[in-house]
Amino acid sequence: MPGGRRADATGHAAALSWEAARRVAASAAGPLPAVEVPLRLAYGRLAEPLRALVPVPGADVAAMDGYAVAGAPPWRVAGLVLAGGEAFGAALAPGTAVEIATGAPVPEGAEAVLPYEAAVRGNSPAPDRERTVSGAIEPGRHIRRRGEDCPQGTVVLAAGSVVTPAVLGLAAALGHDTLPVGPRPVVSVLVTGDEVVTEGLPGPGRVRDAIGPMLPGLVAWAGGRAEEPLWLPDGAPALAAALSGAGDGPPGEVIVVCGASSKGPADHLREVLAGLGAEILVDGVAVRPGHPQLLARLPGGRLVAGLPGNPYAALVAALTLLVPALRALTGEPEPPGERAVLVAPDAPAGPVRPHATDTRMVAVRRGAQGAAPVGHDRPGSLWGAALADALAVVPPGWRGEPVELVALPAQLVALPTQRG
Ligand SMILES: Nc1nc2c(c(=O)[nH]1)N[C@H]1C(S)=C(S)[C@@H](COP(=O)(O)OP(=O)(O)OC[C@H]3O[C@@H](n4cnc5c(N)ncnc54)[C@H](O)[C@@H]3O)O[C@H]1N2
Ligand code: MOO
């Protein structure tokens, strides 16, 4: 029952279908305002058109190393002008030249630049032999005029353009130190569990945190910035204290809670959220794995995404609730949908069997014939997701028709270290 609410087998009475849960997440927030950030943090899209604050070039400059000349040859060489050096102080009189470097301002009165390669030096003996030059010129040749590449005030890129490396270079050339870009929502991460350790080989009864390391790249890929995770012991008091915080609670627009999402004695997320007066937007999703996930809104407006502790279930939940919510906060549209047939895998992943009532998220690799399941995608393991480049969305009761693919980040993206 797409879009409908129903009780799932584990008692999430309000579990939504996977599609409906994604829609709720995508409409849980509106876009944050654009921010003005230093060029090095200007990831994303331009929030305003990019204008030239200065003309480029800023003056009439030489386009070649050689001689700026005035009048007819031969020219008496009257000086030397280097880029960044002293300008030639006077107008160039007819019959004179200055030796000039590429990028240096040509003196007033200069009609062309004669490149060294085309210059015929005077015949006078050394050391005077370069005091005159001659050669063939065309008026205006090898002089870049002020504003010729881009006049001051020109709009060079429209609002909405993606900031690429070339855009950053262009913005700098046009005089910008900062750029207005789309917002980059900040995500706080709370990882719960007495058994979770953050480094080294996990001892008996311990497990390495596999979700904390996964989230920054996933969040950056979705347009946000994740704070360093905070690791919490089990129990409602620690979670409630972290969520409410001594002051305003964790920073940012979204708080991700990993674990504590299910029904066990240590799973207090729902109880804590109720105590904080949160509005529950999604309470369980009819998806395997990942059904205990939730999305809530705290009274101050911040969103809480509850990801199950099983790492692959957490990834599925992040793609279902966190990524659409982050895109909504950035104002970025969802990428275009993609569909593919599921093909028989070479690996012994076995045939894909749909769940009777829930959507199944199957780790696949795209190929010419379709998407092939890679296996190893049990709830507790990220092995399959690490082999995969997408997750296939296999609806309940699926009979082999093409399925939707949800792309996985294909590589680590730059992780800005400061608020942008
Ligand atoms: N009676 C029920 N039991 C469970 C249900 C249910 O509906 N009824 N759902 C199961 C499913 S499905 C999942 S998923 C998990 C969700 O559990 P929690 O979100 O409450 O998380 P935990 O119980 O703390 O941990 C589950 C599992 O994952 C391991 N874990 C936890 N955090 C991490 C981490 N950061 N990195 C790696 N592994 C982690 C933890 O050790 C457990 O093995 O509940 C099922 N049970
Ligand atoms: O479905 Mo859980 O979310 O098994 O991992």
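Ligands are counted one by one from 1 in listed order, and the atoms in each one are counted from 1 as well.
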A.B. asks: Answer yes or no: is there an ion pair linking Asp149 with Arg144, defined by an N-O contact shorter than 4.0 Å?
C.D. replies: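 Salt bridge: yes.
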A.B. asks: Any atoms of ligand 1 less than 4.0 Å from a non-hydrogen atom of Val191? List them with their elements.
C.D. replies: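 Close to Val191: 35 (N).
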A.B. asks: Answer with side chain, backbone, both or neither: which part of Asn310 has a heavy atom less than 4.0 angstrom from an atom of ligand 1?
C.D. replies: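 Both backbone and side chain.
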A.B. asks: Return a yes/no value for Ala210: is any of its N or O atoms, backbone included, closer than 3.5 angstrom to an N or O of ligand 1?
C.D. replies: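 Yes, Ala210 has an N/O under 3.5 Å of an N/O on ligand 1.
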A.B. asks: Look at atom CZ of Arg378 and say whether more than 12 heavy atoms of other residues, nucleotides or ligands are closer to it than 6.0 Å.
C.D. replies: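 Open.
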A.B. asks: Out of all atoms in ligand 1, which are within 4.0 Å of some heavy atom of Val196? Include the element for each.
C.D. replies: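 Selected atoms, number and element: 32 (N), 33 (C).
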A.B. asks: In terms of ring plane angle, is the pair Trp383 and His376 parallel, tilted or perpendicular, where the classes change at 30° and 60°?
C.D. replies: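 Trp383 and His376: parallel rings.
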A.B. asks: Can you give me a line-by-line list of nitrogen or oxygen pairs between ligand 2 and the protein shorter than 3.5 Å?
C.D. replies:
residue: ligand 2; atom: 1 (O); partner: Gly290; partner atom: N; Å: 2.8
residue: ligand 2; atom: 3 (O); partner: Gly290; partner atom: N; Å: 2.5
residue: ligand 2; atom: 5 (O); partner: Asn310; partner atom: ND2; Å: 3.3

A.B. asks: Can you name the atoms of ligand 1, numbered from 1 with element, that are less than 4.0 Å from a heavy atom of Glu195?
C.D. replies: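 What qualifies from ligand 1 is 31 (C), 40 (C), 41 (O).
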A.B. asks: Does ligand 1 have any atom sitting under 4.0 Å from a heavy atom of Pro289?
C.D. replies: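 Pro289: no contact with ligand 1 (<4.0 Å).
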A.B. asks: So is Pro311 close enough to ligand 1, meaning a heavy atom under 4.0 angstrom away?
C.D. replies: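 Pro311 counts as a contact of ligand 1 under the 4.0 Å cut-off.
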A.B. asks: Identify, with sequence neighbours excluded, every residue that meets salt bridge (Lys or Arg N to Asp or Glu O under 4.0 Å) alongside Glu338.
C.D. replies: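 Arg366.
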A.B. asks: Run down the list Gly309, Ser381, Gly212 and name the one with the heavy atom closest to atom 30 (N) of ligand 1.
C.D. replies: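 Looking at heavy atoms only, Gly309 sits closest to atom 30 (N) of ligand 1.
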A.B. asks: Give the C-alpha distance, both sets of side-chain angles, the deciding distance and a yes or no for side chain to side chain donor-acceptor pair (under 3.5 Å) between Glu227 and Ser188.
C.D. replies: CA-CA 5 Å; Glu227 295 277 332; Ser188 283; 5.6 Å; no
A.B. asks: For Gln369, look at atom CD and say whether over 12 heavy atoms of other residues, nucleotides or ligands are found less than 6.0 Å away.
C.D. replies: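 No - once you tally the heavy atoms of other residues, nucleotides and ligands closer than 6.0 Å, there are 12 at most.
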A.B. asks: Can you tell me if Arg208 contacts ligand 1 (heavy atom of the residue under 4.0 Å from the ligand)?
C.D. replies: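 Checking ligand 1 against Arg208, which is what was asked, there is a heavy-atom contact under 4.0 Å.
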A.B. asks: Determine, for Asp60 against Arg146, whether the closest basic-nitrogen to carboxylate-oxygen distance falls under 4.0 angstrom.
C.D. replies: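 So Asp60 does not pair with Arg146 through a salt bridge.
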A.B. asks: Do Glu279 and Arg297 meet the salt-bridge criterion of a basic N to acidic O distance under 4.0 Å?
C.D. replies: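 Here Arg297 pairs with Glu279 in a salt bridge, since their nearest N and O are under 4.0 Å apart.
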A.B. asks: Should the pair Arg22-Glu334 be classified as a salt bridge under the 4.0 Å nitrogen-to-oxygen rule?
C.D. replies: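 A salt bridge is present here (some side-chain N lies under 4.0 Å from a carboxylate O).
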A.B. asks: Of the listed options (Ala313, Ala260, Ser262, Pro265), which comes nearest to atom 17 (O) of ligand 1 when hydrogens are ignored and any heavy atom counts?
C.D. replies: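 It is Ser262 whose heavy atom sits nearest to atom 17 (O) of ligand 1.
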A.B. asks: Quick one: pull up CG in Leu298 and CG in Leu303 and give me the separation to the nearest 0.5 Å.
C.D. replies: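 It is 8.5 Å, given to the nearest 0.5 Å.
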A.B. asks: Where do Trp231 and Thr198 land on the side chain to side chain donor-acceptor pair (under 3.5 Å) test, with the steps shown first?
C.D. replies: CA-CA 9 Å; Trp231 289 272; Thr198 58; 5.7 Å; no
A.B. asks: Would you mind listing which atoms of ligand 1 come within a distance below 4.0 Å of any non-hydrogen atom of Asp209?
C.D. replies: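 The atoms of ligand 1 under 4.0 Å from a heavy atom of Asp209 are 34 (C), 35 (N), 36 (N).
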